[in-house]
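In what follows, chains carry the letters A, B, and so on, assigned in the order in which the sequence lines appear, proteins first and then strands, with residues in each chain numbered from 1. Note that these values count all heavy atoms, side chains included, but never hydrogens, waters or copies made by symmetry.
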2 protein chains.
Amino acid sequence: MTAEDEDSGRKKPLERLGVREIAKRVGVAPMTVSRVLSNPDMVAPATRAKVLAAIEAAGFVPNRLASSMRGSGRMIGTVVPSLINSGIADQVQGMSDECQAGGYSMLLVQGEFTPEAEEHSIRTLLGWRPAGMILQSFVQSEVARQLLVSSGAPVVEISEIKGRKPIDMVVGVSNFETAYAMTMHLAAKGYERIGFVSTPIHGNDRLQQRRTGYHAALSELGIKNHASMEVEVPITAAGGAQALVLLTDRHKDIDAIFFSSDTLAIGAVQECHRRGWAIPGRIAIAGYGDMDLAAQLFPPLTTVKVNRYEMGRRAVRQLLDRLAGNLKLATITSLGFEIVDRESA
Amino acid sequence: MTAEDEDSGRKKPLERLGVREIAKRVGVAPMTVSRVLSNPDMVAPATRAKVLAAIEAAGFVPNRLASSMRGSGRMIGTVVPSLINSGIADQVQGMSDECQAGGYSMLLVQGEFTPEAEEHSIRTLLGWRPAGMILQSFVQSEVARQLLVSSGAPVVEISEIKGRKPIDMVVGVSNFETAYAMTMHLAAKGYERIGFVSTPIHGNDRLQQRRTGYHAALSELGIKNHASMEVEVPITAAGGAQALVLLTDRHKDIDAIFFSSDTLAIGAVQECHRRGWAIPGRIAIAGYGDMDLAAQLFPPLTTVKVNRYEMGRRAVRQLLDRLAGNLKLATITSLGFEIVDRESA
DNA sequence: TGCTCATTTGGTTCCGGTACCATTTTCGTT
DNA sequence: AACGAAAATGGTACCGGAACCAAATGAGCA
């Protein structure tokens, strides 16, 4: 054995290592190594052990790109808007946890709510040929929709559960109902002049549905809704504070405000403290999301509880179920919600 | 032209579309199509236009897996701990934005701080042969370190900037200095019995450094540090509240608490409100992170401002610079910090 | 002992963009 | 007109698992 280039030494750079190399070292066919990686049960225990030992010794990490190219990819892609100041981080965490549990990796692409940005994000995603995709909100661009459909991969839209025609599967809550329920809840507690604050609604079907739910409740209550009782602000605590100031300035007699996000509501609560206003004595505050801080807030925040983490998990679960070959239906999964009645309203 | 299978129709499923197919339709070589995709300048404008038109018409989305297999991949991978309740979401947003700007995609893998989990995460990441990697915190497992090095890809650790030997590049702040500075700041404002609250420290070098900085300041101030002045709680608002109760029960004369996270500090502030304690009259509260809500909080939160978003961006920038062929140095980038003195302390 | 069927293993080809090198076309120069 | 260099384009092999099918080995049973 001349110590030529055939030094059979280990620790080659990851680059030059593949099933072929491992196979050579063990004395089996590349195919056998491949099977140990993806279908261990098809390989005799003794052979399997030898292969695994060689893999371990060589520090071999199978190239998932190659697997993916042959259609057995284990990556799911997702498009989400900003992770900052919203429940999206929770949702992504849920997706990630469930992916990991299922042996999948997650590609995260940032997306905006404009049709062009959306199309771009989806193109980027599709470039990686993911086994499945999860999209935040309904797809608006027809081109993007077409691309998704022709990709053949299963898609879950996490969105308002009613409305536009879904591409494939949908997971979400009825934003209409949540907002309707909260508005009715506030009314039931005796509030009569209820304002509505949200982040910019344009192009966001979930927010649109919430506002519609708020309107529906008002009209059912026989309350005429004024546009002046609604404000759009950026999704920051400062935005919430600003909205509170704006609405209470406009309407001295406003007695409750429903914020479309806890972040906004919490900001408003702080503004009340600054002004020495009693909550809910001077004004009642309700939020949306039930983020961690909501229950700990002083006073505890009345809010709509929607489990974003669970939504993320469910979305991935739907995808993995489909990929595992189970039912081919374009299911719509509606997660429940809960009006959490605390002391702020 | 018999309308056999050669119907030259468009809209084949994404599956069957490739540079070869596009090339055939345009009447050029596959290589030319490839060049249009990655080196447009090498193709004559007229040819380029024809190819682009065909790509557009066919709805062709180039397969990035194939590119990656030939070494021109445009994916960067990252391992981060939970996105919930921490500055990590901001950091990931920063990474994502910078990746997108540079034409890269981001693979997100969840990681824990144990060596085994870490190794597993890194293996998962390496399986996708990313062009570069960003890791939260220093790598502890020797095996993982070895794998990373032999992968040949550039690595950025976002971490405490001093301490363990980095693998390649490092971006971060000196957690020691931030905590030291805040503790001194509190002392300068006249507080003498300063508690320290953090999330579980074990295996987290950043938190270790912060505690060490706190200790160093105390010792420089001639204050003996008692273990009973320190508490570890989960990273939730409730945890902060709980820590406040614990410390004030143990030490009636405690006059300030430095929380290693704004989330905790905000929870503690709420607990003070519940108890009717004046801040900072009864007790001063300081946080870490300067999250959005900190400035809006009542009272506004004194905290350590570290720009996590920027840290994420910088980390990716380092990677992209390296990939673009610029300098090969194992740089250490230290981002500044700021003691934001507000009214809570 | 001969034969069938299940288990285990091997050989070959493919996925699709691109590195590498060869070839042709286009121009500027003398 | 002739020639060399630059620009544009083409041909082919390759990255590395895995699908597909063939072959070999072993077990079960008449």
Residue pair B/Arg20/A/Gly71 against DNA chain D: nearer the 5' end by closest nucleotide is B/Arg20
Whole-Å distance, A/Leu17 CG to D/dC15 P, equals 13 Å
Measuring to OP1 and OP2 of D/dG17, would you say a side-chain N or O of A/Ser38 lies under 4.0 angstrom away?
no
task = Output yes when at least one side-chain N/O atom of B/Ser34 is less than 4.0 Å from OP1 or OP2 of C/dG17, else no.
result = no
Separation of D/dG17 atom P from A/Arg74 atom CZ, nearest Å, is 16 Å
_B/Gln146 backbone acceptor or donor facing B/Ser150 side chain under 3.5 Å_ = yes
query = Is it true that the side chains of A/Gln136 and A/Gln91 contain a donor and an acceptor less than 3.5 Å apart?
reply = yes
For A/Arg64 and A/Gly103, the nearest pair of non-hydrogen atoms, with its separation, is NH1-O, 4.0 Å
Taking only N/O atoms, report every protein-nucleotides 4-6 of chain D pair under 3.5 Å with atom names and distance.
none

Assign each of B/Met69 and B/Pro30 the nucleotide of DNA chain D bearing its closest heavy atom; nearer the 5' end lies the nucleotide of B/Pro30
Separation of D/dA18 atom C1' from A/Ile22 atom CD1, nearest Å, is 17 Å
Checklist line | pair B/Val92-A/Val92: side-chain heavy atoms closer than 4.5 Å | finding: no
So which protein N/O to nucleotides 25-28 of chain C N/O distances come out below 3.5 Å?
none

### Task
Would you indicate what B/Val28 reaches in the nucleic acid, counting non-hydrogen atoms under 4.0 angstrom: base, sugar-phosphate, or nothing?
sugar-phosphate
In whole angstroms, the gap separating C1' of D/dC15 from CD of A/Glu21 amounts to 15 Å
query: With a 4.5 Å limit on heavy-atom distance, are the side chains of B/Pro40 and B/Arg35 in contact?
result: no
Whether the B/Gln318 and B/Thr333 side chains hold a donor-acceptor pair (N or O, under 3.5 Å, no angle test) is what I'd like checked. yes
Here the residues of residues 42-50 of chain B within 4.0 Å heavy-atom distance, strictly under, of DNA chain C are none
* Any donor-acceptor pair under 3.5 Å between the side chain of A/Arg70 and the base of C/dC14? -> yes
Here the pair of heavy atoms bringing B/Ser68 nearest to A/Leu65 is CB-CD1, 3.5 Å
Here the distance between atom C1' of C/dT18 and atom CG of B/Asn39, to the nearest Å, is 10 Å
Review point. Ion pair present between A/Asp168 and A/Arg322, side-chain N to carboxylate O less than 4.0 angstrom?
Key: yes
A/Asp97 vs A/Val316, side-chain contact (heavy atoms from CB on, under 4.5 Å): CA-CA, chis, key distance, verdict = CA-CA 9 Å; A/Asp97 286 351; A/Val316 172; over 6 Å; no
note: B/Arg129, atom CZ; D/dC15, atom C1'; distance rounded to Å ~ 11 Å
A/Ser67 side chain N/O closer than 4.0 Å to the phosphate oxygens (OP1, OP2) of D/dA18?
yes
* Asked: For the base of C/dG17, is there a side-chain donor-acceptor partner from B/Arg35 under 3.5 Å away?
  -> no
Separation of C/dG17 atom P from B/Asn63 atom CG, nearest Å, is 6 Å
Nearest heavy-atom approach of A/Ser105 to B/Thr124 is OG-CG2, 3.4 Å
When rounded to whole Å, the CH2 to C1' distance for the pair B/Trp128 and D/dC15 reads 16 Å
Ion pair A/Arg206/A/Glu160, N-O distance below 4.0 Å: no
Between the CZ atom in B/Arg129 and the OG atom in B/Ser151, the distance rounded to the nearest 0.5 Å is 8.5 Å
Of the candidates C/dG17, D/dG11, C/dG11, the side chain of B/Met31 sits closest to D/dG11
